[in-house]
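Notes follow once the structure below has been shown.
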Amino acid sequence: MSERTLNEIIDQRKEKIKTLVADGINPYPHKYDRSHTVTDALDQFDDIEGKEGIRLAGRLMSRRVMGKASFANIMDGSGRIQLYLSREELGVDVYTMFKHLDIGDFIGVSGLLMTTRTGEKTLKVLELTLLSKNIRPLPNVKEKDGQLFDGFEDKEQRYRKRYLDLIVNPDVKETFIKRARIYKSIRNFFDTHDYLEVETPILQPLYGGASARPFKTHHNSLDMELFLRIADELYLKRLIIGGFEKVYEFSRNFRNEGMDRTHNPEFTAIEWYEAYVDYFFLMDQVEAIFKHLAHDLGQDVFEFNGHEIDLTKPFHRATMAELVQQYAKVDLSTADAVDLLAVCRENKIDAATDANYGQLLDALFDELVEPNLIEPTFVTEYPKAISPLAKPKRDSDGTFVERFELFIAGAEFANAFTELNDPIDQRERLEAQSALRSAGDEEAQTLDEDFLQALESGMPPTGGVGMGLDRLVMLLTGNRSIRDVLLFPQMRPESKG
RNA sequence: GGUCGCGUAGCUCAGCUGGUAGAGCAGUUGACUUUUAAUCAAUUGGUCGCAGGUUCGAUCCCUGCCGCGAUCACCA
């Protein structure tokens with residue numbers, strides 16, 4: 001649409017390139033030696049003010065031409081600085097070339113730092129080099145005192161052309177810098193606790209470790225179907241079996257499900273496993289990681305989903321049954337599946353007539369409890385029926401397993417269990433899942449014979465946690481959409497109607 | 001997938017109860033040696049998301065489609 005107009009501008013700029021080349025100017029030179037980044041130069045201003053030979057480079061972001069003198073701003077990866085250019089200092093040819101530059105061009109500038117009449121630290125330019133000519137106009141954003149005018153705000157365009165979003169919307173850059181700091185902080189936590197960072201297959205012959213529909217692909221040489229992993233759990237357990245006692249992996253997972261504000265087809269989770277520990281240990285550890293993150297980010301309180309969350313306060317703990325009893329107002333000491341189904345119906349909660357006790361309890365929890373869990377809360381003791389990889393609760397009748405999920409602001413942040421290491425029990429449970437699949441439940445887990453054989457070789461008592469990283473970044477950066485914390489979120493292809 | 005909303009110049013937006021479009025910035029040309037959303041003057045630029053329908057006439061009303069957003073459903 002309106003390609004013609006845009007093409008006119010592009011054609012004009014291509015003409016400019018021809019003119020430059022005719023004048024002996026290379027519009028795309030190979031390098032430029034900087035003496036400072038913009039921010040370094042500004043930080044060291046007092047020491048280097050007035051010295052010649054300060055060499056900066058960056059993208060031209062604005063320009064104010066006043067006859068024989070001009071001001072401009074360039075931006076590099078560290079920040080922005082104002083330039084002062086005069087015909088007298090630069091000479092007619094270079095000054096004229098400057099006047100014909102476009103916003104979006106990269107330039108190298110050499111000169112000296114000075115302060116303007118209005119007190120702004122500025123580079124007086126003595127030499128100017130074109131570093132890369134822009135031919136496609138950038139979104140036109142004006143900026144004053146950090147405030148943006150006429151911004152680049154179309155969400156669709158921002159996601160599709162993230163590079164433009166990053167150029168003109170500084171807070172977007174901040175989000176992804178923070179994301180990297182969060183990763184670094186988590187790595188640091190595990191590395192200092194003697195965990196081994198590992199990589200396991202993304203292409204898997206069978207998918208497991210979670211309940212979700214997979215993406216399928218095909219390997220030509222082997223002529224076999226492969227799946228993109230939905231989780232790395234079963235491979236990390238194989239490593240525990242193999243003798244690594246503490247492992248973690250940042251796992252890009254792929255789930256062939258719906259997309260919305262909190263779901264992207266590919267997302268990142270971190271999973272970690274440690275031999276000889278149980279879920280009580282893991283709860284303390286997860287809480288420690290959140291406090292470690294808050295410390296590293298230098299922030300205690302985070303605003304998320306309209307709530308203020310203080311991560312330094314102790315996290316709550318309650319069993320799923322206690323919470324359902326409290327919020328659904330049902331006496332679980334006497335209630336059976338029939339009673340729970342009745343409560344579901346009373347609350348207009350969708351539940352299959354043949355759903356079992358565990359599934360019904362989970363349904364009630366999802367609907368009536370989850371949205372109320374604002375303060376960080378560990379929910380413990382999940383029904384075995386919905387936890388095929390978790391170990392039954394010790395000293396109990398086996399209805400519940402040793403599992404917890406962490407909820408903050410009504411959203412789930414971590415899922416962990418004392419891992420099931422009884423190979424006979426595990427086989428039975430996966431066979432039951434397999435039966436559910438045969439009955440049409442596409443999200444029931446697969447029976448991974450190789451994994452079961454691994455378990456039969458013996459896995460020590462083990463605790464494991466999975467934590468969604470994207471959601472964590474949303475919490476810690478105050479973003480309400482997963483697309484705002486993914487550099488390149490999945491989008492539908494653009495088409496012309 | 002359901003419901004609601006949105007889609008007009010490169011960007012941000014106007015456009016009345018239907019009469020085939022405007023502004024600011026960006027671009028182009030000119031003026032200007034301390035500006036900073038620079039200013040001043042002139043000027044280029046549009047298949048109004050796409051396709052149908054109603055109408056003498058549609059950016060506007062109707063239907064379908066495409067894309068985005070919100071929400072619900074689904075989703076360890």
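Chain identifiers are assigned alphabetically (A, B, ...) following the order of the sequence lines, protein sequences preceding nucleic acid strands; residue numbering begins at 1 within each chain.
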Subject >> Pairwise P distance for B/U59 and B/A70, with rounding to whole Å >> reply: 30 Å
**OP:** Name the residue closer to the 5' end of RNA chain B, choosing between A/R87 and A/S211 according to the nucleotide with the nearest heavy atom.
**Re:** A/R87
**OP:** Provide the distance between the two C1' atoms, one in B/U8 and one in B/G45, to the nearest whole Å.
**Re:** 14 Å
**OP:** Please tell me which of A/T262 and A/K99 maps to the more 5' nucleotide of RNA chain B, matching each residue to the nucleotide holding its nearest heavy atom.
**Re:** A/K99
Original post:
With under 30° as parallel and over 60° as perpendicular, where do the rings of A/F190 and A/Y195 fit, or are they tilted in between?
Top reply: perpendicular
Original post:
Atom CZ of A/R158 and atom P of B/G10: how far apart are they, to the nearest Å?
Top reply: 20 Å
Original post:
Using purine N1 to pyrimidine N3 plus N6-O4 or O6-N4 for Watson-Crick, or N1-O2 and O6-N3 for G-U wobble, both under 3.5 Å, which nucleotide pairs with B/C61?
Top reply: B/G53
**OP:** Write down the distance between CG (A/L406) and P (B/A76), rounded to a whole number of angstrom.
**Re:** 18 Å
**OP:** Write down the distance separating the C1' atoms in B/C25 and B/U43, rounded off to the nearest Å.
**Re:** 15 Å
Subject >> Pair assignment for B/A9, Watson-Crick or G-U wobble, requiring both distances under 3.5 Å >> reply: none
Original post:
What does A/V65 touch in the nucleic acid at a heavy-atom separation under 4.0 angstrom: a base, only the sugar-phosphate, or nothing?
Top reply: base
Original post:
Can you tell me how far P in B/G57 sits from the matching atom in B/A14, rounded to whole Å?
Top reply: 30 Å
Subject >> Protein proximity profile, nucleotides 22-27 of chain B - base contact B, sugar-phosphate-only contact S, no contact -, cut-off 4.0 Å on heavy atoms >> reply: --BBSS
Original post:
Can you give one letter per nucleotide of nucleotides 68-74 of chain B, 5' to 3': B if a protein heavy atom sits under 4.0 Å from the base, S if only from the sugar-phosphate, - if neither?
Top reply: SSSS-BB
Original post:
Does the separation of the ring centres of A/F250 and A/Y183 fall below 6.0 angstrom?
Top reply: yes
Pair up each side-chain donor or acceptor in residues 407-419 of chain A with any protein partner under 3.5 Å, not counting sequence neighbours, and list the distances.
{"residue": "A/N415", "atom": "OD1", "partner": "A/R403", "partner atom": "NE", "Å": "2.9"}
{"residue": "A/N415", "atom": "OD1", "partner": "A/R403", "partner atom": "NH2", "Å": "3.4"}
{"residue": "A/T418", "atom": "OG1", "partner": "A/Y279", "partner atom": "N", "Å": "3.0"}
{"residue": "A/T418", "atom": "OG1", "partner": "A/E402", "partner atom": "OE1", "Å": "2.8"}
{"residue": "A/E419", "atom": "OE1", "partner": "A/K237", "partner atom": "NZ", "Å": "2.7"}
{"residue": "A/E419", "atom": "OE2", "partner": "A/G464", "partner atom": "N", "Å": "3.3"}

Original post:
Which whole number of Å gives the distance between the C1' atom of B/G18 and that of B/C62?
Top reply: 13 Å
Original post:
What residues form a side-chain contact (heavy atoms from CB on, under 4.5 Å) with A/T377, not counting sequence neighbours?
Top reply: A/H316, A/L373, A/V379
Original post:
When the distance from CD of A/Q157 to C1' of B/G49 is rounded to whole Å, what number comes out?
Top reply: 12 Å
**OP:** Tell me what A/E143 touches on the nucleic acid: a base, only sugar-phosphate, or nothing, going by heavy atoms under 4.0 Å.
**Re:** sugar-phosphate
Original post:
Are A/R179 and A/T477 linked by a side-chain donor-acceptor pair shorter than 3.5 Å?
Top reply: no
**OP:** Identify the residue among A/L360, A/L361, A/L368 that makes a side chain to side chain contact (heavy atoms under 4.5 Å, CB included) with A/C344.
**Re:** A/L360
**OP:** Measure the distance from CD on A/E88 to P on B/C32 and round it to the nearest whole Å.
**Re:** 15 Å
Original post:
At under 4.0 Å between heavy atoms, what does A/G468 touch on the DNA or RNA strands: base, sugar-phosphate, or nothing?
Top reply: base
Subject >> Counterpart base for B/G1, defined by Watson-Crick or G-U wobble contacts under 3.5 Å >> reply: B/C72
**OP:** Calculate the interatomic distance between A/Y273 atom OH and B/A76 atom C1'; express it in whole Å.
**Re:** 11 Å
Original post:
With a 3.5 Å cut-off and just heavy-atom distances, do the side chain of A/Q82 and the base of B/U35 make a donor-acceptor pair?
Top reply: yes
Subject >> C1'-based separation of B/C50 from B/G7 [nearest Å] >> reply: 11 Å
Original post:
Where along residues 67-75 of chain A does a heavy atom fall under 4.0 Å from RNA chain B?
Top reply: A/G67, A/K68, A/A69, A/F71
Original post:
With distance as the sole criterion, do the side chain of A/Y84 and the base of B/U33 form a donor-acceptor contact below 3.5 Å?
Top reply: yes
Original post:
Do you see a donor-acceptor pair shorter than 3.5 Å between the side chains of A/Q82 and A/T122?
Top reply: yes
Subject >> A/R13 bridged to A/D102 by N-O distance under 4.0 Å >> reply: yes
Original post:
For A/M491, which residues count as a side-chain contact (heavy atoms from CB on, under 4.5 Å) partner, sequence neighbours excluded?
Top reply: A/E156, A/Y159, A/R160, A/R483
Original post:
To the nearest Å, how far apart are A/F98 CZ and B/C32 P?
Top reply: 16 Å
Original post:
Looking at side-chain heavy atoms only, is the closest gap between A/L455 and A/R427 below 4.5 Å?
Top reply: no
Original post:
Looking only at atom C1', what distance separates B/G15 and B/C74, rounded to whole Å?
Top reply: 41 Å
Original post:
Is there a side-chain hydrogen bond (donor to acceptor under 3.5 Å, both in side chains) between A/D76 and A/S78 once you walk through the steps?
Top reply: CA-CA 5 Å; A/D76 73 3; A/S78 70; 2.7 Å; yes
Subject >> Whole-Å gap separating P (B/A76) and CG (A/D470) >> reply: 16 Å
**OP:** Mind checking A/R471 for me? I need base, sugar-phosphate or nothing, with any heavy atom below 4.0 Å counting as a touch.
**Re:** nothing
**OP:** Report the base-pairing partner of B/A37 (Watson-Crick or G-U wobble, both distances below 3.5 angstrom), or none.
**Re:** none
Subject >> Between P of B/U35 and CG of A/L85, the distance in whole Å >> reply: 15 Å
**OP:** For B/A9 and B/G5, measure between their C1' atoms and round to the nearest Å.
**Re:** 24 Å
**OP:** Side-chain contact test, heavy atoms from C-beta onward, threshold under 4.5 Å: evaluate it for A/V38 versus A/M75 and give yes or no.
**Re:** no
Original post:
Just wondering, are more than 12 heavy atoms of other shown residues or ligands nearer than 6.0 Å to CZ in A/R492?
Top reply: no
Original post:
Given B/U35, is OP1 or OP2 found less than 4.0 Å from the side-chain N or O atoms of A/R64?
Top reply: no
Original post:
Can a salt bridge be assigned to the pair A/E153 and A/R158 using a cut-off of 4.0 Å between side-chain N and carboxylate O?
Top reply: no
